[in-house]
Enquirer: 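One structure, as structure tokens, below. Some questions next.
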Protein chains: 2
Amino acid sequence: MASVKAEESVTDTISFLLAKLGQLANGRFADRLAPLGLRPRHCAVLELLTGPPKAQLELATTIGVTPSVVVDMLDELEQVDAIRRVRDRADRRRQLIELTPAGHELRQRAVALAREADDSLLDGLDAAQTAALRAGLQRIADSTLGR
Amino acid sequence: MASVKAEESVTDTISFLLAKLGQLANGRFADRLAPLGLRPRHCAVLELLTGPPKAQLELATTIGVTPSVVVDMLDELEQVDAIRRVRDRADRRRQLIELTPAGHELRQRAVALAREADDSLLDGLDAAQTAALRAGLQRIADSTLGR
DNA sequence: TATTGTTATACTCTATAACTATA
DNA sequence: TATAGTTATAGAGTATAACAATA
């Protein structure tokens with residue numbers, strides 16, 4: 001009779017590993033981004049703004065953070081000239097956020113740095129293992145974050 | 001000519017996914033642990049203490065946190081009667097930390113909760129995908145955290 | 001002098017609630 | 001009245017530095 005392999009320790013659990021490695025990955029990526037004046041959380045904003053301009057509340061709900069966090073992030077992105085806030089003339093309460101040319105450039109540099117971080121993190125894995133890992137993570141992300 | 005598939009966006013990067021999902025996994029596990037008076041970070045301590053008693057500094061270096069964090073965690077674990085601090089008679093500066101019977105029980109309940117968290121997180125993955133994900137994460141953990 | 005554990009302090013990240021200006 | 005954005009504030013979580021007791 002086949003029996004499902006169960007972990008005997010919390011630390012072997014995927015939830016625990018994910019939490020620990022997530023912290024590590026975030027820290028390493030943050031170190032690489034620091035010279036650009038960016039932090040990991042800014043990247044989700046930069047990605048979203050490659051499309052048409054978006055209101056701040058729209059950014060907040062899409063990324064899944066509270067509106068006041070968006071204010072802070074945009075303040076910081078504005079300081080490095082990555083974004084512009086443009087008052088919506090149809091509804092003067094809203095501000096449409098758009099990426100500047102410098103912002104597009106920053107985003108591309110961030111992508112390159114993220115790849116570097118991946119390479120260092122995935123050093124011991126071959127292509128198939130990396131692909132399987134990415135697929136698993138993406139699937140979890142789709143079923144949780146996207147919902 | 002084969003070319004390596006490269007991500008076009010930071011958010012598709014394994015580093016970024018890991019950071020985001022790690023935060024999610026940690027939060028969900030924390031919610032489950034809360035009724036026990038525990039948080040995820042306590043679990044690494046409980047696991048280590050299933051073996052022979054250890055000094056606080058040993059816990060700190062093994063887990064990879066700063067000594068003052070260990071003090072806090074042990075204070076909290078002491079409040080739920082999970083551990084005992086026993087002064088080392090050979091070197092009175094040291095305190096040997098040992099798991100109480102209640103601590104052993106708490107650890108086992110934490111393992112069960114972590115498995116529940118895994119099940120909910122891995123809902124959309126089949127056994128092979130789950131195994132591949134675990135293997136990838138474990139390999140990264142071994143090459144980074146263990147170093 | 002060096003080491004173990006502790007305390008005090010500060011910094012990051014995030015969330016809540018009160019406020020403003022517009023609708 | 002309700003909504004978009006802002007500010008002020010507070011709570012986790014972690015790290016650094018100064019300190020007491022012991023070696």
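Letters A, B, ... mirror the listed sequences (proteins, then strands); counts begin at 1.
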Enquirer: Could you tell me how far apart A:Lys54 (NZ) and D:dA4 (P) are, to the nearest whole angstrom?
Expert: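 About 16 Å, once rounded to whole Å.
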Enquirer: Take atom CG of A:Asn26 and atom C1' of C:dT12, then tell me their distance rounded to the nearest Å.
Expert: 11 Å
Enquirer: Does A:Glu58 reach a base, just sugar-phosphate, or nothing at all? Heavy atoms under 4.0 Å.
Expert: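 No contact.
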Enquirer: Could you check if a side-chain atom of B:Asp72 sits within less than 4.5 angstrom of a side-chain atom of B:Val69, using non-hydrogen atoms only?
Expert: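 Side-chain contact under 4.5 Å: no.
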Enquirer: Nearest to the side chain of A:Val69 - C:dT7, C:dA15, D:dT14?
Expert: C:dA15
Enquirer: Using a 4.5 Å cut-off on heavy atoms from C-beta on, say whether the side chain of A:Pro67 contacts that of A:Leu57.
Expert: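 A:Leu57 reaches A:Pro67 side chain to side chain.
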Enquirer: Among the candidates C:dT6, C:dT14, D:dT6, find the nucleotide nearest to the side-chain atoms of B:Gln56.
Expert: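 Ranking C:dT6, C:dT14, D:dT6 by closest atom to the B:Gln56 side chain puts C:dT6 first.
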Enquirer: One thing to verify: whether A:Glu76 and A:Arg41 come together as a salt bridge, which I'm taking to mean a side-chain N less than 4.0 angstrom from a carboxylate O.
Expert: yes
Enquirer: For residues A:Thr100 and A:Asp81, is any side-chain donor paired with an opposing acceptor at under 3.5 Å?
Expert: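 A:Asp81 and A:Thr100 do not have a side-chain donor-acceptor pair below 3.5 Å.
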Enquirer: Starting at the 5' end of DNA chain C, what dot-bracket string do you get if Watson-Crick and G-U pairs under 3.5 Å are bracketed, crossing pairs use [ ], other-strand pairs use | and unpaired bases use dots?
Expert: |||||||||||||||||||||||
Enquirer: Taking NE2 from B:His42 and C1' from D:dT14, how many angstroms apart are they, rounded to a whole number?
Expert: 13 Å
Enquirer: Are any of A:Arg41's side-chain N or O atoms less than 4.0 Å away from OP1 or OP2 of C:dT14?
Expert: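 Yes, A:Arg41 has a side-chain N/O under 4.0 Å of OP1/OP2 on C:dT14.
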Enquirer: Say whether, by atom type as modelled, one donor and one acceptor occur between the side chain of B:Gln129 and the main chain of B:Asp126 under 3.5 angstrom.
Expert: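 Present.
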Enquirer: Any donor-acceptor pair under 3.5 Å between the side chain of B:Ser68 and the base of D:dT16?
Expert: yes
Enquirer: Could you tell me how far apart B:Asp72 (CG) and D:dT16 (P) are, to the nearest whole angstrom?
Expert: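 Atom CG in B:Asp72 sits about 15 Å away from atom P in D:dT16.
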Enquirer: Crowded around A:Arg89 CZ? As in, over 12 foreign heavy atoms under 6.0 Å?
Expert: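 No, the 6.0 Å shell around CZ holds no more than 12 heavy atoms from other groups.
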Enquirer: Taking NZ, NE, NH1 and NH2 as the nitrogens, is one of them in B:Arg107 or A:Glu8 under 4.0 Å from a carboxylate oxygen of the other?
Expert: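 No, B:Arg107 and A:Glu8 are not salt-bridged.
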Enquirer: Which whole-number value in Å describes the distance from B:Met73 CE to D:dA15 P?
Expert: 10 Å
Enquirer: How many Å lie between CD on B:Glu76 and C1' on D:dT14, as a whole number?
Expert: 12 Å
Enquirer: Any residue in residues 80-99 of chain B with a heavy atom nearer than 4.0 angstrom to DNA chain D? Just list them by number, or reply none.
Expert: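 Hits under 4.0 Å, by residue number: B:Asp91, B:Arg92, B:Arg93.
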Enquirer: Looking only at the side chain of B:Val71 (C-beta and beyond, no hydrogens), which of the listed nucleotides D:dA8, D:dT14, C:dT7 gets closest?
Expert: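 Taking heavy atoms from C-beta onward, the closest nucleotide is C:dT7.
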Enquirer: Quick check against the 3.5 Å criterion: does A:Ser120 have a side-chain atom that pairs as donor or acceptor with the backbone of A:Glu116?
Expert: no
Enquirer: Calculate the interatomic distance between A:Leu74 atom CG and D:dT6 atom C1'; express it in whole Å.
Expert: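 Atom-to-atom, A:Leu74 to D:dT6, this comes out as 12 Å.
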Enquirer: For A:Leu59 and C:dT14, give me the distance from atom CG to atom P, rounded to whole Å.
Expert: 15 Å
Enquirer: Answer yes or no: is there a side-chain heavy-atom contact under 4.5 Å between B:Glu47 and A:Val10?
Expert: yes
